[in-house]
Protein chains: 4
Amino acid sequence: MRTSHTAVACDRSSLIDRYRQIRALTLHLADPLSPEDMVVQAQPYASPTKWHLAHTTWFFETFVLSAHEQGFRAYDERFCVLFNSYYHTVGDQHPRPQRGALTRPGIGEVMAYRDTIDDRLTALMSACDDETIIAMAPLVELGLHHEQQHQELLLTDIKVVLHANPMRPCYREREIDSAQTESNALGWIDFEGGVVEVGHGGQGFAYDNEEPRHRRFLEPFKLADRLVTNGEYLEFIEDGGYDQPALWLDDGWTWLEGQRRHPQYWSRDDDLWREFTLDGERELNLNTPVCHLSFFEADAYARWAGCRLPTEGEWEHGAERQQIDGNFVESERLHPSAATGGGLRQMFGDVWEWTRSSHEPYPGYERPAGAIGEYNGKFMCGTFVLRGGSCATSASHVRRTYRNFFEPAAVWQFSGLRLATSSP
Amino acid sequence: MRTSHTAVACDRSSLIDRYRQIRALTLHLADPLSPEDMVVQAQPYASPTKWHLAHTTWFFETFVLSAHEQGFRAYDERFCVLFNSYYHTVGDQHPRPQRGALTRPGIGEVMAYRDTIDDRLTALMSACDDETIIAMAPLVELGLHHEQQHQELLLTDIKVVLHANPMRPCYREREIDSAQTESNALGWIDFEGGVVEVGHGGQGFAYDNEEPRHRRFLEPFKLADRLVTNGEYLEFIEDGGYDQPALWLDDGWTWLEGQRRHPQYWSRDDDLWREFTLDGERELNLNTPVCHLSFFEADAYARWAGCRLPTEGEWEHGAERQQIDGNFVESERLHPSAATGGGLRQMFGDVWEWTRSSHEPYPGYERPAGAIGEYNGKFMCGTFVLRGGSCATSASHVRRTYRNFFEPAAVWQFSGLRLATSSP
Amino acid sequence: MRTSHTAVACDRSSLIDRYRQIRALTLHLADPLSPEDMVVQAQPYASPTKWHLAHTTWFFETFVLSAHEQGFRAYDERFCVLFNSYYHTVGDQHPRPQRGALTRPGIGEVMAYRDTIDDRLTALMSACDDETIIAMAPLVELGLHHEQQHQELLLTDIKVVLHANPMRPCYREREIDSAQTESNALGWIDFEGGVVEVGHGGQGFAYDNEEPRHRRFLEPFKLADRLVTNGEYLEFIEDGGYDQPALWLDDGWTWLEGQRRHPQYWSRDDDLWREFTLDGERELNLNTPVCHLSFFEADAYARWAGCRLPTEGEWEHGAERQQIDGNFVESERLHPSAATGGGLRQMFGDVWEWTRSSHEPYPGYERPAGAIGEYNGKFMCGTFVLRGGSCATSASHVRRTYRNFFEPAAVWQFSGLRLATSSP
Amino acid sequence: MRTSHTAVACDRSSLIDRYRQIRALTLHLADPLSPEDMVVQAQPYASPTKWHLAHTTWFFETFVLSAHEQGFRAYDERFCVLFNSYYHTVGDQHPRPQRGALTRPGIGEVMAYRDTIDDRLTALMSACDDETIIAMAPLVELGLHHEQQHQELLLTDIKVVLHANPMRPCYREREIDSAQTESNALGWIDFEGGVVEVGHGGQGFAYDNEEPRHRRFLEPFKLADRLVTNGEYLEFIEDGGYDQPALWLDDGWTWLEGQRRHPQYWSRDDDLWREFTLDGERELNLNTPVCHLSFFEADAYARWAGCRLPTEGEWEHGAERQQIDGNFVESERLHPSAATGGGLRQMFGDVWEWTRSSHEPYPGYERPAGAIGEYNGKFMCGTFVLRGGSCATSASHVRRTYRNFFEPAAVWQFSGLRLATSSP
């Protein structure tokens, strides 16, 4: 989204290479799925795989190709409505809850659409003059980050589809790993606070909602040195955490009515807890991070534990010296892993970490002009910020300043938590 | 459903032949569809094609094979829940509105399921002793009529799916016929009434809700000699019929709120009315029967026309001497045709005719014991009776005594109307 | 509603007397209530007492006074919208679920409205010429029957209000009668059937939906000689009747989801069943008729008992020689009483009896012209017929041919059942 | 709510005087209302007057009297459920949307309840020992602030009731003032920002959510010197502001569907805009502050105006040197007034000002133990902060640090906005 103040790397061949690699990963992720898997929408919020494949293509066609390709003509006028997600500025949209009704265009046609747009776009990037590539590069960059977001959604959305089937099919054929890893005591890392800087300000790509970099005052605080585990969350359940209104936000208590009393994707057979993963159902691993929590559950757990969620400012300050490595989509595990080693760990990858912060504009933030202004700015209400990426995120996609956001009831992402407290 | 007092034709080879033919027609109807077309559920009431393919197979497996095959074992225990429609007596059911979430078993697996059950059942029918075939035959017969009902639903349900797609794809590739047939003045046929007999009582198959045959007293009445046409219905629209509460039942007036002001599948481009058919959208043919009406619309139209709907007793009495021929699924038109010739016409085929009669038990009716008792009896509330079959019904499926029934708001069947009046 | 072919008794003074008596009864029934009791609407279907007081007055003003009073001017133009129930022909209506928002006009103003209209109407009836009184009388008659219907609703609606209050206040101060009356074995009365006459055809007032009198053919049947009791219904509960889908209509089974598993107004404290009445909560009397059943419950009970509900034709034929006496509103018990004596009993009063018949037009029925046509005709869909009146009905209001009707889920009337069977 | 670290003024007689005055004001505000006005609930969120009268009394009984009165016995055990708002810690609650079903206890009984608790509490305050009064005082203080909040709700809730009546009755008899005041150009006040202090830290009462006082870093900003007026908001409407998705938050755009296209309580007759007030409907005054805006409308207006809403930190910093005076409930205008004079005006009174800040816990905030912890803490999700009090707020109730909060769709409070921008 970031289009200003940033020097864009204009090495054509590296841009084209990255374009090809990222577009190829999308297909790789869809590879285990049948045409039927790819068309169905099991919940209004979870889009079909085929829709993701088409929408990301539409994004490049609409925001890059149409602006820079000479003699541009739309691949199919009707796709402009079908595959527009929520850009009112661009035009009408097929209603989100009815994306699953689109049996046509078929998967073959969507693949042909992808191929054609890829060919036209790489041809353009190869052959255009320097001025054009400089103008195009930030939008291509944006499209690639956009594609990476949809790669993650493709995985979390297909998990919804597979779980809606009582046969509980797997995303892929793989042996289920039920080994219980070893436990790992929780430690705390101290931070002094004071006036700190938050937000993106330097080189490289960032979304508009990460800007501008600005100062904040933080009181002293502590962060837990790893994520909360399934085993720890199970103690909360067994202590009756779901039945004590004093632990919950009022909206959370209302949300609980008629809900399961455990994380999404957990189930219990007699005394044995099981967890549905992209590799199918398996015995609950007590030492891996708890995931698919709502904000309400994360908040209630933290209160029960005598702690609180970190604010996003605290999290970002805490991550300042952390390497961006961890269990990302590249590991192909597609499930969070237990913490190993010592020090501040798991800040990146494994699970998105709910923060206590609403998704609000940073001081000085302005919505970008045009359709791009609809990317993040209009969602600055009713959502909370998550940080750090998950096992379904690309390593090259996440940043210290990255602000993901979802409504507090959302559970279909790989979302968990890290504890925080105010010092001392 | 009819299992008592009826001599069942036990000619094995003819039964097996009919079994094969009817089962083959189902596949023939599904043939133009892609795997994606076959998995999607566009409305809670419209089931996926794949589900119909599996459910009809489950019906034979559950009600015939399991009772008569030696050493019977379920093909897949999980299918028993997935493909049970509404038989509480048999066990749990996958929720109807979530049939579209079943991307697995895939269409290939469902076809293999059909093949296996067909093989086992035809083998059993060929090889069993006489006593067994006599016991089985009524249930096979029931299963075949059940399959024919689902053939019709397969067509009306896929029409819902295709129409939900703004691209408005066709069910099959065929040239659109927009020829306007000639008009045909409406005439009236007189009936004297008196004590008449209604319901099924003789030889041959009938559903339980058609029995027992019983006496009724009919006052003199008239039936229109053909169905109401699109052109006639258009006059009702143009006369403001949708805006006059006095023409409507109270439930119908409530139903109208926020509804389209024309039949389902009609649309208007400037002054040109168009109609969506299984062959795609085409100019409205003014002389073919109006279809996809709700009971509310049929009732309001009749009142506007100074007439009323016939009762089911009147309809059945009126049909007594009619041949059961007309525009059925065998014509492969899959759309109603204009009336031709003279006399009482279109009593069978073209469109199901809404009657003024609630679907109530006949005097002396008793629900059959067991699961079969759930077939019709539990729906004797909140539904109205339709008579005569449609362009999507098999000719061999319908009878003079046949009672189809739907809730009054249902519009996705080929449902229209014939006018009636009480004689002066 | 009946306005044609009927000689209307034109004795002015007797008409004026009846007018005064019936209007006075409405006030008498409202007498125990506070202004707060009279304004509240606890459910969308249950109107406030104050609304009933005003609406019945509006009915006389709109349908009688405005047509016959010289120089007629509306009492208050705004009342015409506020107190119009559902007459689209007359004009707009204040939405039914928001009748409880009308804190103004206050009860004092509504009483003044009643007084004024009463004065104007009785003055007109006293002073007008013969032609006018002859023209007016049928409408005054209709208004009086209309008022009597609202007297019954006033009682059943205030019961809803009082029951919605966890303090469970009483409608009136009266000692609770918890005496258990004696039991009374159930007997059967045989009817031969044949061609019988049904509907209103003679002298005296009747609603339009009771006409025309017409012939029906009835197969032989039996009617139980008294109503089903609380004790009998309790056996159904204890036998698990609410948990057996095979006993229920499909709509009934759906309706049961998340419902209480006993009649409306029953509650259980440990093993003691209690029943809320207009005299407050008291121990369940096993020998009085069960009431506040939905059609679904009545139908399921009858099936459980190996019987069925009567059709309305059977009921009316069965009532042919019965006196119209019983436990009506005049007894001031306001609760059904146990059967006493022998023979066919309780056909009138105590509880409205659900029949198996949908509220459909009789052969030859035509909606009256104008607003009066909205009284019954538009409700001939989605409702079932109840017969015989209840402990909240006026004796002078009910008839053998009287067709009351409610949707099958309605429980707030005094509604119960009598068993029937088809004779062997 | 503030119970710790605060020296409480223990002058008994002044406490008792304030108790009497504040309790008397509640009755004074209810005085123009009839018993019917006081019982009705026109929306789930707007409680009946009678309920406010009882609930505030219950608050004193439950949190003060029960803890300190010797031999305490509940006035009526049943009131504890009926008049508990949302304190799960205390026990069950009568469901909020059904408060309007409580016709009993009648208004007379509720007044007697108030009198009795007032007598018992003032007797206790007069006669108890010093230790007890010191312990009680903070809770009495809390109860009085609680009562003041309900005085404001009493007014905004009865406005909902009166407006739900198409007769549009007035709260009180008073001549309507339609004089258009003079216009007043908008100016800007600059603030330098830096590390500032926010939150309550000193002497005197404050709610728990205002604490602890803490440091924040503010970038430079400007505040408009007065509130946005009706006339300015009308320009937004006339410019099509309600039809431009780019001006709205996504949740706001969704909220708009099927909504009015103007502020709550406005209406238009031909070209004349009118506004419903507690004195009835009157011509829209273009120079008084716009009110009854949702957060969504306030936010969209600010964007349209090229500005933004202030954060609550900016607002509080801006108010630091402002006198707490303005158009409060004491003026008895009960409607916002036009700005007069110069400099930073209308920071207090007139309308609550929506800020851009979610209602989140301050750094170091901890929920108080026990039921009091439910007062504010559990609502720190899904709500936005409003500042400054309104024409329905008591002058003695509001503070610079006061954080009011409502969900973003709420419009029934006197809520408006002041513009802000980031400098320069």
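Protein chains get the first letters and strands the later ones, always in sequence-line order, with residue 1 at the start of each.
The minimum heavy-atom distance linking L218(C) with G313(C) is given by the pair CD1-O, 4.0 Å. For A298(C) against L417(C), the heavy-atom pair with the smallest separation is O-CD1, 3.5 Å. Closest non-hydrogen pair, A305(C) versus L419(C), comes out as CB-CD1, 4.2 Å.
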Check: every donor-acceptor pair under 3.5 Å linking chain C and chain B:
from, atom 1, to, atom 2, distance (Å)
R215(C), N, E219(B), OE2, 3.4
R215(C), NH2, E219(B), OE1, 3.3
E219(C), OE1, R215(B), NH2, 3.4
E219(C), OE2, R215(B), N, 3.4
A246(C), O, R367(B), NH1, 3.0
W248(C), O, R367(B), NH2, 3.3
D250(C), N, K378(B), O, 2.8
R356(C), NH1, M380(B), O, 3.4
R356(C), NH2, M380(B), O, 2.8
S358(C), N, E360(B), OE2, 2.6
S358(C), OG, S358(B), OG, 3.0
S358(C), OG, E360(B), OE2, 2.7
E360(C), OE2, S358(B), N, 2.6
E360(C), OE2, S358(B), OG, 2.7
R367(C), NH1, A246(B), O, 2.9
R367(C), NH2, W248(B), O, 3.3
K378(C), O, D250(B), N, 2.8
M380(C), O, R356(B), NH1, 3.4
M380(C), O, R356(B), NH2, 2.7

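Among residues two or more places apart in sequence or in another chain, the side chain to side chain contact (heavy atoms under 4.5 Å, CB included) test is passed with P44(C) by P97(C).
The most heavy-atom pairs under 4.5 Å with chain C, out of F384(B), F379(B), F217(B), come from F217(B). Of all the listed residues (A246(B), G382(B), P361(B)), the one sharing the greatest number of non-hydrogen pairs under 4.5 Å with chain C is P361(B). Of the listed residues (P245(C), G377(C), G364(C), C381(C)), the greatest number of heavy-atom pairs within a distance under 4.5 Å of chain B belongs to C381(C).
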*side chain to side chain contact (heavy atoms under 4.5 Å, CB included) evaluation trace for F406(B) with V385(B)*: CA-CA 7 Å; F406(B) 279 93; V385(B) 173; over 6 Å; no

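The part of F296(B) that comes within reach of chain C is its side chain, from C-beta onward, which places non-hydrogen atoms under 4.5 angstrom from that chain.
Atom CZ of F63(C) sits about 8.5 Å away from atom CG of L142(C), to the nearest 0.5 Å.
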